Amino acid sequence: MHGFPEMRLRRLRSSTAMRELVQETRLSVKDLVYPMFVVEGRGLKQEIASMPGIFRHSVDRLHAEIDEVMAAGIPAVLLFGIPKHKDASASGAYARDGVVQQAIAAIKAQAPELLVITDVCLCEYTSHGHCGILKGDTVDNDKTLPLLARTALSHAEAGADIVAPSDMMDGRVAAIRKALDEGGSENTPILSYAAKYASAFYGPFREAAESAPQKGDRRSYQMDPPNWREARREVEADIAEGADMVMVKPSLAYLDIICRIRQATDLPLAAYNVSGEYAMVKAASPDIVEQKRLTLEILTAIKRAGADIILTYHAKEAARWLSE
Ligand code: PBG
């Protein structure tokens, strides 16, 4: 055969059934993780203006949301905490009765089989909004490590199934692995935000988590968007330090990174479909049919690029659309 007219690629696109038969990438609700914001206080359910449909809940208001996540068949949530009190040493991050620690216990009591992943970072807990301890104007890498390790262990002790460091300090995976192992949480896996870029797509998240840096930006610790070889080095370093799974973040402007990291490692690979990506879809069209098509196309593309796991604010609606 020499191609057209013997070969006609359109033959396999003739009907829905035919297209489904030859579909190469299948998105499933089982691929999805739903990020949630838990705010300290009582009786709170606050919609995030830049992320329609996404709320901050206080621990006592989480119940209904967890019921929805379970009913949708979503296998995991990712927790972010917003404390009342912030200070220079981020003490709320590793407090035994901190907002995330309480949320983990509440969720595990309600839905033991739902996987609880926690974001391990200090930015929501520091008065200055940076992801670590400041020395002058810069984030002190080595002084930050013990606090991250303590935070991760406190999450594991509260019942977290997976801890996910997102701070981008060097050596944090090793520090966390050591603390977990010494603290008796040797069976808790680490999902490292290995290739996390200093991205403008985190804008809405910083409103949601009240974690925008008061001055400066995160470019001295998060990755520079033009670089891909450096992403491979980050991933290699995190694997050497004991990461069980790695993540690329954001997703849409970084599909090439997802694809290349997929080829560079056999570890499970996660991709974070971040707040700005969610907000763009919501801003693109008020039409729900259009939103469904945009969302499923985006999530499928992230999976096609090589992600096994997709962290996305679309998880609940995508679960519904996938089952229609
Ligand atoms: C905390 C953290 C951020 C996100 C996840 N963990 C914000 C940041 O690094 O500024 C972004 C998530 C999103 O935009 O959806 N370090």
Side-chain angles (χ1 to χ4, degrees), residues 32-38 48-56 77-83 86 90 92-93 99-100 117-126 128-134 139 141 144-145 147-148 151-152 155 160 162-169 172-173 176 190-225 234 246-254 270-283 295 298-299 302 307 309-316:
L32 307 180
V33 176
Y34 186 52
M36 293 176 64
F37 300 98
V38 190
I48 297 151
S50 51
M51 300 174 73
I54 304 297
F55 296 80
R56 301 187 201 106
V77 293
L78 170 68
L79 298 185
F80 295 97
I82 303 128
K86 302 180 187 240
V99 59
V100 164
I117 309 174
T118 56
D119 184 88
V120 176
C121 193
L122 305 184
C123 64
E124 299 108 38
Y125 303 90
T126 50
H128 45 70
H130 278 287
C131 299
I133 298 304
L134 283 190
V139 173
N141 192 87
T144 301
L145 296 182
L147 301 186
L148 291 167
T151 302
H155 292 172
I162 300 168
V163 292
S166 68
D167 53 283
M168 289 303 278
M169 297 302 117
R172 94 273 210 207
V173 173
I176 290 171
I190 299 174
L191 163 59
S192 92
Y193 285 70
K196 176 174 176 178
Y197 288 87
S199 169
F201 288 95
Y202 306 151
F205 173 94
R206 292 185 187 161
E207 179 207 332
E210 299 171 356
S211 66
Q214 270 173 4
K215 62 176 181 182
D217 53 44
R218 303 206 201 291
R219 286 184 293 179
S220 75
Y221 40 104
Q222 299 180 347
M223 285 185 55
D224 203 15
E234 283 283 1
V246 289
M247 191 194 300
V248 171
K249 180 185 175 189
S251 291
L252 283 186
Y254 299 85
Y272 202 141
N273 176 217
V274 301
S275 56
E277 299 170 344
Y278 175 85
M280 281 201 308
V281 173
K282 295 298 165 194
T295 302
I298 285 170
L299 297 178
I302 296 170
I309 302 162
I310 305 171
L311 301 103
T312 178
Y313 303 97
H314 294 292
K316 284 196 307 183

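Residues: numbered from 1 along the sequence shown. Every number for a ligand or one of its atoms is a count from 1 in the order of the listing. As the structure is a prediction and not an experimental result, all values here were calculated from the model.
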Numbered atoms of ligand 1 (with element) below 4.0 Å of [X], judged on heavy atoms:
| X | value |
| --- | --- |
| S166 | 1 (C), 2 (C), 6 (N), 16 (N) |
| C123 | 1 (C), 16 (N) |
| V274 | 13 (C), 14 (O), 15 (O) |
| Y272 | 12 (C), 15 (O) |
| F80 | 5 (C), 6 (N) |

Original post:
After noting the C-alpha distance and the side-chain angles of L191 and V246, does the key distance pass the side-chain contact (heavy atoms from CB on, under 4.5 Å) rule?
Top reply: CA-CA 5 Å; L191 163 59; V246 289; 5.8 Å; no
**OP:** Decide whether the shortest distance between a heavy atom of E277 and an atom of ligand 1 is less than 4.0 Å.
**Re:**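 The answer is no, since E277 has no heavy atom less than 4.0 Å from ligand 1.
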Original post:
Closer than 4.0 angstrom: is that true for some heavy atom of Y313 and an atom of ligand 1?
Top reply: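 It does; at least one heavy atom falls under 4.0 Å.
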Does one side chain, of [X] or [Y], offer a donor that lies under 3.5 Å from an acceptor on the other?
| X | Y | value |
| --- | --- | --- |
| D119 | S166 | yes |
| H130 | Y221 | yes |
| S50 | E207 | yes |

Original post:
Side chain or backbone of D119 under 4.0 Å from ligand 1, or both, or neither, by non-hydrogen atoms?
Top reply: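 Just the side chain.
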Original post:
Can you tell me which residue and heavy atom of the protein come closest to atom 14 (O) of ligand 1, and the distance to 0.1 Å?
Top reply: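 The closest heavy atom on the protein side is S275 OG, 2.7 Å.
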Original post:
Which residue owns the protein heavy atom closest to atom 4 (C) of ligand 1, what's the atom, and how far is it?
Top reply: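 Scanning the protein heavy atoms, the shortest distance from atom 4 (C) of ligand 1 goes to K249 NZ, 2.5 Å.
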Original post:
Taking the minimum heavy-atom distance to atom 2 (C) of ligand 1, which of K196, E124, H130 ranks first?
Top reply: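 Closest candidate by heavy-atom distance is K196.
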Original post:
Charged N to carboxylate O under 4.0 angstrom, D167 versus R172?
Top reply: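 Looking at R172 together with D167, the answer is yes, because their closest N to O distance falls below 4.0 Å.
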Original post:
Please walk me through it: do F55 and F37 pass ring-ring contact (aromatic ring centres under 6.0 Å, His included)?
Top reply: CA-CA 7 Å; F55 296 80; F37 300 98; over 10 Å; no
Original post:
If you draw the axis of the six-membered ring of Y272, does the NZ or CZ of K196 fall within 45° of it and under 6.0 Å from the ring centre?
Top reply: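 No.
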